[in-house]
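A short worksheet on the structure shown next.
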Amino acid sequence: MRSSGGSWGRILGRSFYARPTVEVARDLLGCYLVHGTRAGRIVETEAYLGLEDRAAHASRGLTPRTGVLFGPPGHAYVYLIYGMYECLNLVAEPAGTPGCVLIRALEPVAGLDGERPVGPGRLTRAMGISRRHNGADVTQGDLVVRRPPHPERVRIVTTPRIGITHCSDWPLRFFVDGSRFVSRVSTRIAEISRNAE
DNA sequence: CAATAGATCATCT
DNA sequence: GATGATCTATTGC
């Protein structure tokens, strides 16, 4: 696999991420998360916004931890949750504006050796992603996202986000309709629509 | 099935 | 010192 013509498509560049967080979250569905020889197809995401979104880390403002969220788009934000699991986010919006997309579930594609990359804490474990990737540029290097040459046209289901206490009604969770690899399907559905590809 | 408890620690108050 | 964008095992119906 070469960087331009690999079987998993072209690497998503900075401009893909420098857009409204919700757009990025929806458009990431169907793309491939690739770390070394491991790869998975993104089938579930959540958008986390800025100061107005009390569920987002960025709502606390600029702190040592949240610095990446206020930085340039196309970087990884990885943090430890519940002392035990690590969550992978991709920073969106232009530099200076916070916003990120939590990757919640992957469909296994390569190198995962039977581990089910479903759920934010499990997929990082399966993909070998950890806090060492915090701040890493995902438009180049060993951790990247690729868009397939001919993306499958899918239905996108929109629901409230999972596992949060604030803003728990905001419809900011997106998943590929019908995928077996979604963390929880039985949530009340806000909307079903189609993606652009 | 659904509901609950426990593990475990960086971050912020 | 409390909290939390989780997961697993266990209990209870």
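Protein chains get the first letters and strands the later ones, always in sequence-line order, with residue 1 at the start of each. Everything numeric here is computed off the predicted structure, so don't read it as measured data.
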* B:dT8 pairs with which nucleotide, Watson-Crick or G-U wobble, both distances below 3.5 Å? -> none

* To do: Just name whichever nucleotide pairs with C:dT11, Watson-Crick or G-U, keeping both distances under 3.5 Å, else none.
  => B:dA2

* To do: On DNA chain C, reading 5' to 3', which nucleotide is the first and which the last to sit with an atom under 4.0 Å from a heavy atom of chain A, could you check?
  => C:dG4 to C:dT8

* **Exam field: side chain A:Glu86 to backbone A:Arg131, donor-acceptor pair closer than 3.5 Å** => yes

* Where the side chain of A:Arg10 meets the backbone of A:Arg147, is there a donor-acceptor pair that is under 3.5 Å apart? -> no

* Asked: What distance do A:Leu33 atom CG and A:Leu28 atom CG have between them, rounded to the nearest 0.5 Å?
  -> 9.5 Å

* To do: Report the distance from atom OH of A:Tyr77 to atom CG of A:Leu69, rounding to the nearest 0.5 Å.
  => 5.0 Å

Pick base, sugar-phosphate or nothing for [X], based on heavy-atom distances below 4.0 Å to the nucleic acid.
| X | answer |
| --- | --- |
| A:Gly121 | sugar-phosphate |
| A:Cys167 | nothing |
| A:Arg116 | nothing |
| A:Leu102 | base |

Expressed in angstrom and rounded to an integer, what is the separation of [X] atom [atom1] from [N] atom [atom2]?
| X | N | atom1 | atom2 | value |
| --- | --- | --- | --- | --- |
| A:Met84 | B:dA5 | CE | P | 16 Å |
| A:Tyr82 | B:dC12 | OH | P | 16 Å |
| A:Arg60 | B:dC12 | CZ | P | 10 Å |

* Non-hydrogen side-chain atoms of A:Arg60 and A:Arg54 separated by less than 4.5 Å -> yes

* Can the ring centroids of A:His57 and A:Tyr79 be said to lie less than 6.0 angstrom from one another? -> yes

